[in-house]
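Right, one structure below, let's go through it.
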Amino acid sequence: MLTLTAQPLTSEAFAPFGDVIDARTSASFPINAGRTQRHHDLAKVETLGENGHTLVNIFVSQPVSLPLKLTFLERHPQGSQAFMPLHQERFIVVVAPPGEQIHAQDVKAFVTDGRQGVNYCAGTWHAIQSVLEREGEFLVVDRGGEGNNCEEYPLEITVDLSE
Ligand SMILES: NC(=O)N[C@@H](O)C(=O)O
Ligand code: NI
């Protein structure tokens, strides 16, 4: 059993796993005659394999309780997967770098602050959507197409918050 304390999510710490999507920390430029700031190209969308194409989805998730007890991590070898909260929901992120084996020391746990989204790059091992406190509604951008795009890796992990 692996026991982790979730750390505040930062772009730097998350870099080996994908992108943090955050209007507060990303560059932007004015459009629409200056009425809109465009935060442009914040995450790398990957849609690999046969008939790979982008899916835009909404996930409505029931909250998890803490400590969070995981029995597996999953990966999507043929595409990225992005989660952006629609109502400043906080969520737990557990990740491990792409690869055929997961090494305990490489597993990281983060907690978002409500204004952050994440984009898992293709092959990044991650816990399934784990929203905190209340029902969450997320815009999810991931990959559709042929072939299996979801593999599980049995691993027992307990995650809590430091607060
Ligand atoms: N299965 C599915 O669409 N969702 C998971 O991939 C997840 O990461 O929550
Ligand atoms: Ni997933």
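Counting from 1, the numbers follow the sequence of the chain as shown. When a ligand or atom number is given, it counts from 1 through the structure's own listing order.
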[X] and [Y]: side-chain donor and acceptor closer than 3.5 Å?
X	Y	value
Gln78	Asn149	no
Thr47	His53	no
His103	Gln101	no
Glu46	Ser80	no

I'd like to check atom 1 (N) of ligand 1 in this structure: does the protein have a heavy atom lying under 4.0 Å from it?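 Not a single protein heavy atom is under 4.0 Å away.
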Check ligand 1 against [X] and write out every atom of the ligand that is under 4.0 Å from a heavy-atom position of the residue.
X	value
His126	8 (O)
Phe59	3 (O), 4 (N)
His76	6 (O)
Ile128	7 (C), 8 (O), 9 (O)
Gln129	7 (C), 9 (O)
Phe83	7 (C), 8 (O), 9 (O)

Take Leu161 and Leu132 through the test side chain to side chain contact (heavy atoms under 4.5 Å, CB included) and record every step on the way to the result. CA-CA 11 Å; Leu161 299 181; Leu132 292 170; 4.3 Å; yes
Taking atom CD of Gln62 as the centre, does the number of heavy atoms from other residues, nucleotides or ligands within less than 6.0 Å exceed 12?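 Counting neighbours around CD of Gln62, more than 12 heavy atoms of other residues, nucleotides or ligands fall under 6.0 Å, so yes.
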Under 4.0 Å between a Lys/Arg side-chain N and an Asp/Glu carboxylate O for Glu89 and Arg115? no
Does Arg24 come within less than 4.0 Å of Asp113, counting only side-chain N to carboxylate O?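 A salt bridge is present here (some side-chain N lies under 4.0 Å from a carboxylate O).
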Below 2.8 Å of the Ni ion (ligand 2), tally up the protein N/O/S atoms for me. 4
For a side chain to side chain contact (heavy atoms under 4.5 Å, CB included) check, start with the C-alpha distance between Thr71 and Leu155, then their side-chain angles and the critical distance, and finish with the verdict. CA-CA 5 Å; Thr71 58; Leu155 189 59; over 6 Å; no
Identity and separation of the nearest protein heavy atom to atom 7 (C) of ligand 1: Glu74 OE2, 3.3 Å
Any Tyr120 heavy atom less than 4.0 Å from ligand 1: no
Phe29 ring center within less than 6.0 Å of His40 ring center: yes
